[in-house]
Number of protein chains: 2
Amino acid sequence: MTKTVMNNTISVDCVIFGFDFEKLNVLLVDRELKDENNGEELFSDLTLTGNHIFENESLENAAARVLFDLTGLENIYLKQFGAFCDPGRLKRPNDQAWLRASGRDPESRIISVGYYSLLATENVTLKWKGRNVKWYPVSEVKDLAFDHMVILKSALQALRRELLHEPIGFELLPEKFTLSQLQKLYEVVLDVELDKRNFRKKIARMKYLIALDEKQKGVAHKPARLYMFSREVYEKTRKEVLDFNI
Amino acid sequence: MTKTVMNNTISVDCVIFGFDFEKLNVLLVDRELKDENNGEELFSDLTLTGNHIFENESLENAAARVLFDLTGLENIYLKQFGAFCDPGRLKRPNDQAWLRASGRDPESRIISVGYYSLLATENVTLKWKGRNVKWYPVSEVKDLAFDHMVILKSALQALRRELLHEPIGFELLPEKFTLSQLQKLYEVVLDVELDKRNFRKKIARMKYLIALDEKQKGVAHKPARLYMFSREVYEKTRKEVLDFNI
DNA sequence: TCAAAAGTGTTGTTGATACACCCATGT
DNA sequence: ACATGGGTGTATCAACAACACTTTTGA
């Protein structure tokens, strides 16, 4: 069996988060349906990135493939956060028209498994740039096609939860970053304000955050020290947390 | 469309956890395949409980239905924790034989969405009791059919994580319970030992744990005070936790 | 009267919170 | 020289960890 046989009932949707040091963004596809006769635009809206899986492909690989096709990046943080299969999820008029227009059975039940991934936007050059894929600030996304708004909200919730308990913030930053960038990331994703000194005291306890002998360059203020995350140190020093903060 | 049209590629598997004040148990089904000619047993092993979904049914409802059919209970805690769809998940010889014998296409790709649910075993009278559904201590489950061992481990991990951060322990206990029972629950599920006095100090901070004017009866020692969980108080007093213990 | 689990306080240590000023750089 | 964000310490309070004895019941 070759990789090209597609399964038509199982798909993955990728919520690709990107951080640009100011806000959290998500990669969305501009979907546009034109009248097949006169070419007039019937509607235009936004979807998450996603695709059906191949018959011999795992869900995780399918998600990684979607991500690779958009960014050319591999070994990116990917986390499954939910399965979406409500009977009505593809039943809105625009979605039905879209499915018909793209030759798919609008009646068939399709399950979608959600993965979110984390990127530093500065690392990314979009492969479909200028075509129909763009970064949008998460806070400004109001409506999406299908049930993708539900999926996005669920992804954001999963990301927040993960960020509170696992060291994954670094995945949204370049390899070397400043503590202010890291703090800003936490503030933006969790929607809180943090005290600089207290934040840094907390950081100091995380041995796997390595201070480099290197500083920012070209900034119009005191250049900040750069840090990086050491997975090796993390694995060695991680302690199982038993605080049940219920 | 009636409820009886089944979708043959999407299923739910339920990891039904039960606590008996001593250990954590899981409800498993004894699967037995007999030779169609001579009736000889070909193999016998264990599976999780689960079923395919109906065409007009949500995943969550399907899981609740599986649970209801086994226990007669409704409004039970149910949590989706993952989707399982690896290409090889139904490909082991026993599983292939089983699928063929039950008239299903052993080649077709089936996705299963995992839900775990929490029960106090003393509340349950199994509907299929004596037939093929039984409680097994989680710690003693070594092999399961299909990829169900993977699913069980994933469920346990999700349960532990949830137990650390949300008040769900009560779902594994009868409505009224003692603090020692609650402590034992945490110890068993998280596989840790806790100090009695420190545990009780922690409990004292949880306003939603209500001390009743009622005691255990018929125990051969000082009877313990009974407590119950108040969801109302919990909703009112919950504070968003911002400790990122990363 | 014995066995079994319930219930209860103190101390030392660690982490959380609140808060204000000087420093290094580019323009 | 000025604007900008970098970087630092202290004091108070809350939670965590370690630890041992008395009480109440049924058998």
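For clarity, every value in this text was computed on a predicted model and none was experimentally measured. Convention: sequence-line order gives letters A, B, ...; per-chain numbering from 1.
A straight line from CG of A/L226 to C1' of D/dG6 spans 12 Å, rounded to a whole angstrom. Per the geometry, CG belonging to A/L179 stands 9 Å off P belonging to D/dG6, to the nearest Å. One can place CG of A/L194 at 11 Å from P of C/dA18, the figure rounded to the nearest angstrom. Between the C1' atom of D/dA14 and the NZ atom of B/K202 lies a distance of 12 Å, rounded to the nearest Å. As rounded to whole Å, 12 Å separates atom P of C/dA6 from atom CG of B/L182. Between the C1' atom of C/dG7 and the CD atom of B/Q181 lies a distance of 15 Å, rounded to the nearest Å. Whole-Å rounding puts the A/R200 CZ to D/dG9 P distance at 12 Å. Rounded to an integer number of Å, the gap from B/I203 CD1 to D/dA15 C1' is 15 Å.
Under the 30°/60° scheme for interplanar angles, the aromatic rings of B/H148 and B/F146 are found to be tilted.
For D/dG6, the OP1/OP2 oxygens have a side-chain nitrogen or oxygen of A/S180 closer than 4.0 Å.
Contact annotation for A/R205: backbone-only contact, meaning every heavy-atom pair under 4.0 Å involves sugar-phosphate atoms and none involves a base.
Between B/V29 and B/L48, every side-chain heavy-atom pair lies at or beyond the 4.5 Å cut-off.
For the atom pair CG of B/D191 and CG of B/L24, the computed distance is 11.0 Å after rounding to the nearest 0.5 Å.
Residue pairs meeting the salt bridge (charged side-chain N to carboxylate O under 4.0 Å, His left out) criterion with at least one partner in residues 215-229 of chain A, sequence neighbours excluded, are A/D213-A/R225.
Ring pair A/F229/A/Y208: centre-to-centre distance below 6.0 Å.
Between the side chains of A/D13 and A/S112, at least one donor N or O lies within less than 3.5 Å of an accepting N or O.
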Sugar-phosphate means primed atoms, P, OP1 and OP2; the rest is base. With that split, encode nucleotides 19-27 of chain C 5' to 3' as B, S or - using protein heavy atoms under 4.0 Å. BB--BBBS-
